[in-house]
Amino acid sequence: PCTLLPPAGKSPSVVIAAHPDGKGACLRQAAAQKVLDAGKALCLVDLRDIGECRWSHGDDQVCLYAARAAVWLGRTMLGDWVKDLAAVRAALVDGFRFKCVELLGFGETGSPKVDAGALARGALFGNGETALAVLAAAALEKRFAGVTAVDLLSTYVVNGAPPVQRYSIFVPGMLQW
């Protein structure tokens, strides 16, 4: 599910915004309002197993069941998120005729502030778990102007500590890459 918030005037630009806690959490971020203030449309999106699209049980360790099910089907949550972002981009370009589509991804509420200057230059944004999806989407879809990853995990290798990221970021073979 997506919600498209048009700017005050007509704009050829739209920013796809995703937050690990759903569209409502995304809209509460200051950077989302800055997009609208900059005269751009804002498309709030719930990726798989986020917000309205959440299907996991209440006892789920954030995204564990969805991530495990994706792996059983030969996919990953991260790959599914990238596919979702590409599908939303295609709908915005083909159906709504936006000429410039950007990405804005949020992580947890304690994440650093997004650089509004980079957003104005047309960068892709991601932090926390969505940073990896944004980077992957930018790598596969060359029509984005740039990419900025905020609060990106610094390593997958954690010795003697439980994972602090959601299970959605785990990709089989990632350390070999």
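- Closest approach of Val45 to Cys2, counting heavy atoms only: CG2-SG, 3.6 Å.
- Nearest approach of Leu103 to Ala137, heavy atoms of both residues: CD1-CB, 3.9 Å.
- Applying the side-chain contact (heavy atoms from CB on, under 4.5 Å) criterion to Leu36, with sequence neighbours excluded, gives Leu5, Gln33, Leu42.
- When all heavy atoms are compared, the tightest approach of Phe98 to Leu4 is CE1-CD2, 4.2 Å.
- With a 4.5 Å cut-off between side-chain heavy atoms of Ile, Leu, Val, Met, Phe, Trp and Tyr, the cluster of Val71 takes in none.
- For Arg28, the side-chain hydrogen bond (donor to acceptor under 3.5 Å, both in side chains) criterion is met by no residue, not counting sequence neighbours.
- Among pairs with a residue in residues 83-96, those fulfilling side chain to side chain donor-acceptor pair (under 3.5 Å) read Arg48-Asp84, at least two apart in sequence or across chains.
- Met77 has its side chain within reach of Asp49: a pair of non-hydrogen atoms, C-beta onward, lies under 4.5 Å apart.
- Taking 4.5 Å as the limit, some side-chain heavy atom of Ile50 sits within range of a side-chain heavy atom of Trp81.
- Contacts of Pro7 classified as side-chain contact (heavy atoms from CB on, under 4.5 Å), with partners at least two apart in sequence or in another chain: Ser11, Ala41.
- Here the options are Leu78, Ile169, Leu47, the test is side-chain contact (heavy atoms from CB on, under 4.5 Å), and the partner is Glu129; only Ile169 passes.
- In plain terms, the two heavy atoms of Leu44 and Cys26 that are nearest each other are CD2-SG, 3.6 Å.
- Think of Val82 as one node in a network of Ile, Leu, Val, Met, Phe, Trp and Tyr side chains linked at under 4.5 Å; its network also takes in Leu140.
- One distance of note links CD of Glu102 with OG of Ser13; it measures 5.5 Å at 0.5 Å rounding.
- Between atom CG of residue Leu27 and atom NE2 of residue His19 there is a gap of 11.0 Å, rounded to the nearest 0.5 Å.
- In this structure, NZ in Lys23 is found 9.5 Å from SG in Cys43, a value given to the nearest 0.5 Å.
- For the salt bridge (charged side-chain N to carboxylate O under 4.0 Å, His left out) test, residues two or more places apart in sequence or in another chain that qualify with Arg75 are Asp80.
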